[in-house]
Every structure is written in structure tokens, then in C-alpha cells.
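Worksheet for the structure shown next.
The structure displayed is predicted, hence computed values, not measured ones. The analysis underlying the following values was restricted to heavy atoms, covering all of them including side chains, and did not include hydrogens, waters or symmetry mates.
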Amino acid sequence: MCSQLSDLSLELFRKTRAWLFCVTHHPDTKHAVSEILSDPNITSRLSDTKAAGEVKALSDFYTMLKNEPARAFYGPMQCLAANEQEAIDTLLVTDSLFRSIDLSERAKYVRLVNDVKGYGGTVHIFSSLHVSGEKLGLLTGVAAILRFPLPELEDLAVDSDS
């Protein structure tokens with residue numbers, strides 16, 4: 001029985017060996033994961049994984065927020081307003097919003113995701129346990145990169161803070 005188990009383990013290792021690689025990082029655990037996932041050499045090897053797609057989407061959001069702020073918004077009010085105009089190109093949402101105790105809250109985000117997919121937008125659902133999901137969670141858990149600028153949403157953001 002032990003020999004069968006070791007043969008099976010060896011076979012599994014041989015099949016997955018190509019997926020394994022060694023990386024170096026700084027000792028700070030949470031930031032180390034971000035550092036590793038943002039490394040171009042690692043990203044190219046992980047290009048087909050969900051985590052790499054999420055990290056890139058979040059990076060694209062921050063870049064858009066910096067360079068074209070009228071095309072990048074976060075917060076439920078702004079994302080829902082952009083969705084009404086079918087302006088969302090990429091929606092970023094944390095999975096924790098789908099686990100809300102409030103059923104109407106959950107339904108709101110399910111409807112938002114379905115709407116964006118319905119008009120051809122891309123949706124990334126981030127794990128709240130992953131570093132990128134934690135970062136998105138700090139931005140209310142929902143963000144969007146828009147197809148076209150909507151400067152009027154900036155006013156909505158200011159009005160909602162008052």
C-alpha cells in the first residue's frame with residue numbers, strides 16, 4: 001500500500017513539475033505576494049491563472065484612475081450609475097459582496113454582474129482572501145473601468161460624501 005502511494009505521489013509530481021518554480025521575495029508576507037504577482041517574469045508564467053488576471057485588472061484600474069479619472073470609478077453609487085448607461089468595460093467586485101446578509105444587497109451585485117456581462121463587459125470577481133481582493137475591499141469592494149468618460153459621476157462621488 002505504501003509503495004502504491006509513493007508511486008502515485010511520484011507520478012503526480014512528474015505531471016505537475018512544470019508548474020513549479022522558485023521565487024525570491026522580501027519577508028513581509030502580504031506585500032511579498034503582491035510583489036511576486038507583479039513581477040513580469042512570474043506574470044508571464046501565470047498568465048492563464050485567475051489571480052494574475054485579477055492583479056492585472058486591479059493594476060489597470062489604478063492606472064486608469066491616475067491617468068483618466070473620468071473613466072475609473074469605485075463605490076456602489078458610481079458603478080450602478082455607470083451601469084445604467086452601459087458604460088462599464090471592466091467590473092471589479094469582491095466575492096464578499098455576494099455573501100452579504102442583506103438579500104437585496106446580494107441581488108444588486110448579481111444584477112450588476114449580469115448586466116455588465118450582458119452588454120459585453122468583462123467581470124472580475126476577486127477573492128476577499130487574496131491580496132488583490134483585500135485591496136479592492138479597501139475601495140468599497142466594487143470598481144469599474146469605463147468604456148467612455150463620465151465626468152458627471154465625479155460630481156456624484158462628491159455629492160455622496162456630503
task: Report yes or no: does Ser59 contribute a side-chain atom to a donor-acceptor pair with the main-chain N or O of Val55 at less than 3.5 Å?
output: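 Such a contact is absent between Ser59 side chain and Val55 backbone.
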Side chains of [X] and [Y]: does their closest heavy-atom pair fall under 4.5 Å?
X      : Y      : result
Val113 : Phe98  : yes
Asp95  : Phe126 : no
Met64  : Pro69  : no

Item to complete: With sequence neighbours left out, write down each residue that passes side-chain hydrogen bond (donor to acceptor under 3.5 Å, both in side chains) with Asn67, or none if nothing qualifies.
Response: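 Scan of Asn67 (side-chain hydrogen bond (donor to acceptor under 3.5 Å, both in side chains), adjacent residues dropped) gives none.
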Set of residues satisfying side-chain hydrogen bond (donor to acceptor under 3.5 Å, both in side chains) with respect to Ser100, sequence neighbours excluded: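 With neighbours one apart ignored, the set is empty.
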Quick one: do Leu129 and Ile125 end up in the same hydrophobic cluster if we chain Ile, Leu, Val, Met, Phe, Trp and Tyr together by side-chain heavy atoms under 4.5 Å apart?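 The answer is no; the residues belong to distinct hydrophobic clusters.
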| Residue pairs, two or more places apart or on separate chains, that pass salt bridge (Lys or Arg N to Asp or Glu O under 4.0 Å) and touch residues 117-132 |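 Applying salt bridge (Lys or Arg N to Asp or Glu O under 4.0 Å) to every pair that reaches into residues 117-132, excluding sequence neighbours, yields nothing.
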Show every salt bridge (Lys or Arg N to Asp or Glu O under 4.0 Å) that has at least one partner inside residues 58-68, sequence neighbours left out.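 Found Lys56-Asp60, Glu68-Arg71.
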Can I get a per-line list of side-chain donor-acceptor pairs under 3.5 Å for residues 138-145, giving both atom names and the distance, sequence neighbours left out?
{"unit_1": "Thr140", "atom_1": "OG1", "unit_2": "Gly75", "atom_2": "N", "d": "3.2"}
{"unit_1": "Thr140", "atom_1": "OG1", "unit_2": "Val142", "atom_2": "O", "d": "3.4"}

>> Quick check: closest heavy atoms across Arg106 and Leu97, and the distance to 0.1 Å?
In response: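 Closest pair (atom of Arg106, atom of Leu97, distance): CG-O, 3.8 Å.
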Could you pull out all donor-acceptor pairs under 3.5 Å where a side-chain atom in residues 83-92 meets a protein atom, sequence neighbours excluded?
{"unit_1": "Asn83", "atom_1": "OD1", "unit_2": "Tyr119", "atom_2": "OH", "d": "3.0"}
{"unit_1": "Asn83", "atom_1": "ND2", "unit_2": "Asp115", "atom_2": "OD2", "d": "3.0"}

Can you tell me if Tyr74 has over 12 outside heavy atoms packed within less than 6.0 Å of its OH?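 It does not: Tyr74 OH has 12 such atoms or fewer within range.
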Problem set entry | Inter-residue atom distance Tyr109.OH - Ser96.OG, 0.5 Å rounding |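 Answer for the OH-OG pair, Tyr109 versus Ser96, is 9.0 Å.
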